[in-house]
Each structure stands twice: as structure tokens, then as C-alpha cells.
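What follows is one structure encoded as C-alpha cells, with my remarks underneath.
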Amino acid sequence: MGISGRGLVVALPYLWLVLFFVVPFVIVLKISFSDVDLAIPPYKPLIDWVGQNALAIRINFNNYAFLFTDSLYINAFLNSIKVAFISTLLCLLIGYPIAYGMARLPRQWQPVAMMLVIVPFWTSFLIRIYAWINILQHDGLLNQILLALHLVSVPVVWLSTDSAMYLGIVYSYLPFMVLPLFATLEKLDHSLLEAAADLGSPPWRAFIDVTLPLSMPGVIAGSMLVFIPAIGEFVIPTLLGGPDNLMIGRVLWDEFFGNRDWPVASAVAIVFLVLLVGPIALYQHYSSKQLES
């Protein structure tokens, strides 16, 4: 009996998941248990023939032990979590008022506001980051404006700082915070706020007691959409951040392409993925909850 159309529709996402997640994950996991070698590819096989009739399995756990004994990798993981957390918090503080204002607009203006949020995605990500380099550099637009307004006497160093890195991350990922929040706040029943006002609650108390709790699925979903990619960000810290800013994405790049130590780099990638399992599961939970509502 052939596969029905419904079965094919259900099977396609699982096939996509197997081909582009499970298979690469198994390959990276295999490499993480191997030994580095001066060859192409630069690692030894896990299973090899010994003699003519015997197979030898060589599993190396030292790559994982090395990650937890070398302060470089520990500091990279901790710094990546810190940068992602601060960036997510900044996106939430900026994105919540934007989403709230969009939700309170007349319905005919909401698509326009949403389009304005999505407009940056119409241009290349790299072009937008390089534009910020031109704005923040020593003789860039920002310093020219500050000097013209006599707010500073000498150009300020903006580029290659933590502030520039956070600015780039918040600018790039802010729409991922605004859109889930807007989707939640737009469905909010305004009669609940009217009932709270009738019971004597001032606007700020109604916001804390009614709006904020009901918008938590959007807050969690938006936070995870920002936190998960920000923790592995490579381009923005490299182009806008300082040379001493250690992120796990930069460590992976150096291990793969600089040191050509694929086993250690694969172990870093596996540990990094395990760390993200919790936030990804949390995002899936609140996304499904938001769809149900």
C-alpha cells in the first residue's frame, strides 16, 4: 500500500530533520571521539582494521575532558552566555514598548508597523553590519554628528568595543523579539483592562497584573529567539567587538580553520548544542502554547 498524501506531508519534515540535523550531528559526534591527525580530513577514523580479520575501535574521551580543564573554553562558554543574556535583556527592554505600541495601533496601521520592523531583513546581514562599521568608526557618521553638535571635543572610540558589539546584536535580533511579542499582545482582550480599571486599578497596576502575565508566552518565545542565535554569534563580535572578546563561535572557527583540530572543535560543538537543548525546548513549549491560545 502506497504512502497517502497525509503521510507524505507528515514524513517530509521528519526527513528534513534527519538529513539536515541528525546526520550532521552523528558525523560531528563521531569526529569528537577521534584523535587529531596530519591528514585530510585531519582526524583518525574511529573504526580501523587491525591485520586482516580484526576491527579496532578507538574512542577518545580526552577531547571532552580537555574542554573542562582548559580555561579558554570555559571562559568562552561563560562569556557567550553573558553576552547572549545581556543582549536578550536589552532586546526585551526595547522591544516590549515597540510591540505594545504596535498592538495598540488601529488595525489598518498595524501591517505598516510590522513592515517597518521587517524592512531590515530586505538587505543583506553583512551589509547592515558593515554599515554600522562606517557609522561607528573614528571618522564615521556618529562622531561627525557629535562633533557638529559640540557634544564631544574629540572623536569617541566606538568601534571594537563591547558597546558596539551589543549595539550590533540588538539591532540585528530586535525583530525576533518584537514579532512574537506583537503576536501575543495583539490578541490581548482589552475588556480585561477595562474590567481592571472599573475595579480601581491604575494603568500601571493593570499592566503588571493583566498585560504582563498574559504576554509571558510572547516574552519567553521572543527571548529564546534572541538568546539561542546570539549565544553562538560569530560575525558581529568579530566585526564590531574588541579583539579580546572571546565567544564560542570564534573558538569554533579558530579550532576548525586555524588549528585544524577537528576533534576538539567537534567536542566544543557538541557541548554547545547540549547547552542549547534547554532553551530550545523552552522555546518549543511556549511556541506551542502560543499557537494553542
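Position 1 is the first residue of the sequence; numbering continues from there.
- Using a 4.5 Å heavy-atom threshold, the side chains of Val83 and Ser87 count as touching.
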**OP:** Tell me, with the steps shown, if Phe61 and Phe33 meet ring pair (Phe, Tyr, Trp, His ring centres under 6.0 Å).
**Re:** CA-CA 6 Å; Phe61 292 97; Phe33 288 111; 5.4 Å; yes
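- We find that Glu186 and Arg107 are joined by a salt bridge, their nearest charged nitrogen and carboxylate oxygen being less than 4.0 Å apart.
- Considering only heavy atoms from C-beta on, Tyr43 comes within 4.5 Å of Ile31 through its side chain.
- Following chains of ILVMFWY side-chain contacts shorter than 4.5 Å, one cannot reach Leu93 starting from Leu181, and the two form parts of different hydrophobic clusters.
- Summarising the geometry, atom CG belonging to Leu159 is positioned 11.0 Å from atom CD1 belonging to Ile135; distances are rounded to the nearest 0.5 Å.
- Aromatic ring pairs are classed by plane angle as parallel below 30°, tilted from 30° to 60° and perpendicular above 60°; the pair Phe20 and Trp16 is tilted.
- Gln137 contributes atom CD, which lies 8.5 Å from atom CD1 of Ile133 (distance to the nearest 0.5 angstrom).
- Here the side chains of Val271 and Phe77 are in contact, with some heavy-atom distance below 4.5 Å.
- When all heavy atoms are compared, the tightest approach of Pro217 to Pro213 is CD-O, 4.2 Å.
- When hydrophobic clusters are built by joining Ile, Leu, Val, Met, Phe, Trp and Tyr residues whose side-chain heavy atoms come closer than 4.5 Å, directly or via intermediates, Leu199 is not grouped with Leu188.
- The shortest side-chain heavy-atom distance between Leu214 and Thr184 does not fall under the 4.5 Å cut-off.
- Heavy atoms only, all atoms of each residue included: Ala221 and Pro180 are closest at CB-CB, 4.3 Å.
- Neither Leu89 nor Ile169 shares a network with the other; the hydrophobic side chains, linked directly or stepwise wherever heavy atoms of I, L, V, M, F, W or Y lie under 4.5 Å apart, form separate groups for each.
- Put simply, the side chain of Val36 does not reach to within 4.5 Å of the side chain of Trp262, judged on heavy atoms.
- Put simply, the side chain of Asn134 does not reach to within 4.5 Å of the side chain of Trp132, judged on heavy atoms.
- To the nearest 0.5 Å, atoms CG (Leu92) and OG1 (Thr88) are separated by 8.5 Å.
- Ile236 approaches Glu233 most closely through the heavy-atom pair N-OE2, 3.2 Å.
- Considering only heavy atoms from C-beta on, Phe21 comes within 4.5 Å of Leu273 through its side chain.
- Across every non-hydrogen atom of Ala164 and Leu136, the tightest pair is CB-CD1, 3.8 Å.
- Annotation for Tyr166 and Leu90: closest pair CB-CD1, 4.4 Å, computed over non-hydrogen atoms.
- In this structure, Arg128 satisfies the cation-pi test against Phe121, with its NZ or CZ atom closer than 6.0 Å to the six-membered ring centre and inside 45 degrees of the ring normal.
- Here the shortest heavy-atom pairing between Ala267 and Asn63 reads CB-CB, 4.0 Å.
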**OP:** Run the numbers on Ser215 and Tyr96 for side chain to side chain donor-acceptor pair (under 3.5 Å), then give the verdict.
**Re:** CA-CA 10 Å; Ser215 65; Tyr96 200 106; 2.7 Å; yes
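- Between Tyr73 and Phe66, the two ring planes are perpendicular [angle over 60°; tilted spans 30° to 60°].
- Hydrophobic cluster membership is shared by Leu174 and Val235, with clusters built from Ile, Leu, Val, Met, Phe, Trp and Tyr side chains linked at under 4.5 angstrom.
- Val117 places a side-chain heavy atom less than 4.5 Å from the side chain of Met102.
- Under the 4.5 Å side-chain heavy-atom criterion for grouping Ile, Leu, Val, Met, Phe, Trp and Tyr, Leu149 is connected to Leu147 within one hydrophobic cluster.
- Judged as a ring-ring contact (aromatic ring centres under 6.0 Å, His included), and not counting sequence neighbours, Phe272 has no contacts.
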